[in-house]
Participant: 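Before we start, here is the structure in question, set down as structure tokens.
Atom set for the values below is all heavy atoms of this structure, side chains included, hydrogens, waters and symmetry mates excluded. Please read all numbers here as calculations on a predicted model, not as lab measurements.
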Amino acid sequence: MPPLADLFAAGLAHARRWALLAAFLGFALGWTAWALLRADAAALVRDDLDAGQRLEAVRWAFAGLLTFCGAYVFAARRRGRPLAEFAAAWNFRLLLLAGAPALVLLAAPGLAEKRGFAPLVASLGLGLLAARTAAAWREPLARQPARPRLAALLLVLVGLGVAATLIHLGVVRHHALVSNIHDLGIFENIVWRSLHGDLLATSLFAGDTFNSEHFAPFLLALVPFYAVSPRAETLIAVQVLWLCSAAIPLYLFARRRSDSLALAFAVGLAFLLSPLVHANALWDFHDLTLAVPLVLWALWAHDGDRRRGLALAVAALLLVREEMGLVVATFGLFAALDGRARRGLLLLALGLAWFVLVARVLAPGTGVGAHADGLRGNLVEATGYGDLVLALLADPPRLVLELLRPDKFGFLLCLGVPLLLLPLLAGRVLLLLLPGAAIFVLSANQYVADPYFHYSSFFLPAVFAAAPVGAMRLQQRLARPLALELAAGVVVAALAFGWAFGLPGGNFRAGFHKVPSALTDAERERHAWLAELAARLPPDACVAATGDVGAHLAARRCFAFFPARLDVDFLVLHREDVNAKHMPLLRTLRVERRFRTVEEQHKILVLERNP
């Protein structure tokens, strides 16, 4: 019999080689099983467990430990391999199980809203564990033949599934009166009037034109689709399909830049699963969202030296909104540094010239002129873009401090964590973030840093395109292949982030409100009545409405937001959308008998102007 010291030394050797990690994996697996099957996730986060629950949790955890280690002993004997060698190898193949307790953290309701950094750290940690786990599977995975057609088909099928789900949720959201006159009603009014000959006109803005707020001729491309089915739901469906289609150029660009099918598929999948993308698709309708696929098509065309494709993408991008001139100029700077100096300088000059043309001639009231109240501090008094440039150059430290504010830094993490922070290593591709970063820093609008609003459109194309570039730079620095590992990490991190921040139908919100997954019977009846009302109102009548019902009445020439305009023929007011500030005005209208009540259903009041 060996001496006690030799036994102790052998035990330590086993512990170092495999036993400690195996025990941890088994303990984590057992505890997670208990937490998911027997416990309340919210109570665990609050540490609100009684003595009996704690004892039960420990029992489950040790049962998992013994079962896990017992499985190792049984499997090693069956295969005739030394236990230490077998267990050490499989520890790393199963390393992702160490992150199992994070699933409980991610499942806690409302955690993303209350403790946003905790699920971000958990998502990143799970992604890194997945990458390390994939490294242990590299040899069998590398022997599998590449199947690009199958990968492309799977990505298309996932995209179609995501798009179908988002269209359903977008329509449900609209029918449940979660959509609003700002902005779905505005854009339907623009497209409806453009269909009837008044290009880019809307009675909701000054001068009866959208050009008083934004310059967005690309909206005219929606008119043929709207003509087929002139309803707000058409805009919802088109926006979803167009945004999801961005996964195609992203996949093509990532495949070319990384030369890795797995990484390209992972980045495309992460895009389709991103709650930020879903929020863009479901938060009513916004012209800014239309730019996302165009930026990615431009990147793909530039990278493959497809000049006609690049010209088409850039031309369309310039028509999306007034800021896109700066985006194209920044793209030109990127192209110049990316080895195509002549093309880059041409795009830089074109973008700046177009931006000046729009700001000075085509739509001088847009941009800063229309939204100066959204700027920060003393910049509210800014009279033009020159003031903003001066502010950016005069106080650079202030810009860094703005980015480190908890809300803005948290937003940046929401962009990078599902991609394992790989975009940070992308180098010059990050230049494409400059226009969005400038708006991000200068804006006083708190929703600019909210991942559930559409302002992330400024960042999404560049951040996702930067991920495969960053992955290749990391691979070059470490001088070893990492594409498979990083692909696995991105997929797991994206899934964890999506679960934590609410895939549609759960805690997910788009804009101000959560997205309902289904309509109640009362909501169906209300929507049917509201659709009938919209058809009954005289087509030449001028109608003013409160926000939530206004998105259902925008298909007419004269349309207004209550109480901004009262010289109308009808008022359609949802009592739940009428606040205390409106009550004195409504009392005055009743006293002066300017309007009479003609109908009220489902808490929606219809008033007609007295002759």
Side-chain angles (χ1 to χ4, degrees), residues 21-49 53-54 56-69 71 90-137 158 266 269-270 272-276 278 410 413-414 416-421 451 485-509 517:
L21 183 53
F24 181 79
L25 293 175
F27 188 95
L29 197 59
W31 183 88
T32 304
W34 168 82
L36 294 177
L37 296 175
R38 304 293 297 269
D40 176 30
L44 287 169
V45 172
R46 296 193 307 268
D47 193 25
D48 188 14
L49 301 177
Q53 289 174 311
R54 289 171 180 162
E56 185 183 36
V58 172
R59 286 174 176 169
W60 277 65
F62 275 100
L65 184 158
L66 294 175
T67 302
F68 195 81
C69 292
W90 276 92
N91 275 344
F92 288 103
R93 291 179 180 177
L94 300 175
L95 188 60
L96 185 57
L97 295 178
L103 297 177
V104 181
L105 178 70
L106 298 176
L111 188 71
E113 296 288 335
K114 298 174 184 176
R115 306 182 188 183
F117 286 101
L120 283 171
V121 172
S123 301
L124 181 60
L126 283 170
L128 294 175
L129 280 174
R132 180 63 184 87
T133 303
W137 293 91
V158 171
L269 184 66
L272 290 171
L273 297 180
S274 172
L276 280 73
H278 301 164
L413 286 178
C414 285
V417 160
L419 299 168
L420 297 185
L421 303 180
E485 292 90 329
L486 294 176
V490 166
V491 169
V492 171
L495 287 170
F497 179 80
W499 188 2
F501 285 82
L503 291 170
N507 292 319
F508 178 77
R509 93 179 143 83
S517 57

Participant: Given 3.5 Å as the limit, does a donor-acceptor pair link the side chain of T32 with the main chain of A28, or not?
Facilitator: yes

Participant: Distance-only, no hydrogens or angles: does the H278 side chain make a donor-acceptor pair with backbone N or O of L272 under 3.5 Å?
Facilitator: yes

Participant: Side chain of T133, backbone of L96: donor and acceptor closer than 3.5 Å?
Facilitator: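 Pair found, side chain donor or acceptor close to backbone of L96.
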
Participant: Please say whether the positively charged group of R38, taken as NZ for Lys or CZ for Arg, lies over the ring of W34, i.e. under 6.0 angstrom from the six-membered ring centre and within 45 degrees of the axis.
Facilitator: no

Participant: What are the two closest heavy atoms between V490 and A270, and how far apart are they?
Facilitator: CG1-CB, 3.9 Å

Participant: Find the distance between OG (S274) and CG (L269) and round it off to the nearest 0.5 Å.
Facilitator: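 That separation rounds to 11.0 Å.
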
Participant: So does E485 pair up with R132, basic N to acidic O under 4.0 Å?
Facilitator: no

Participant: For the backbone of R93 and the side chain of W137, can you confirm whether one donor and one acceptor N or O come within less than 3.5 Å of each other?
Facilitator: yes

Participant: Side-chain donor-acceptor pairs under 3.5 Å in residues 120-128, sequence neighbours left out?
Facilitator:
residue : atom : partner : partner atom : Å
S123    : OG   : P119    : O            : 2.7
S123    : OG   : F497    : N            : 3.4

Participant: How long is the span from the CG atom in L95 to the CG atom in L21, to the nearest 0.5 Å?
Facilitator: 6.0 Å

Participant: Quick check: closest heavy atoms across F501 and P275, and the distance to 0.1 Å?
Facilitator: CB-CG, 4.3 Å

Participant: For the residue pair F68 and L97, establish whether any side-chain heavy-atom pair is separated by less than 4.5 Å.
Facilitator: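 A side-chain contact exists here, since the closest heavy-atom pair is under 4.5 Å.
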
Participant: When rounded to the nearest 0.5 angstrom, what distance separates CG in N91 from CZ in F24?
Facilitator: 11.5 Å

Participant: Which residues satisfy the ring pair (Phe, Tyr, Trp, His ring centres under 6.0 Å) test with F92, sequence neighbours excluded?
Facilitator: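 Residues passing ring pair (Phe, Tyr, Trp, His ring centres under 6.0 Å) with F92: none at all.
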
Participant: If every non-hydrogen atom of A488 is compared with every non-hydrogen atom of A134, which pair is closest and at what distance?
Facilitator: CB-CB, 3.6 Å

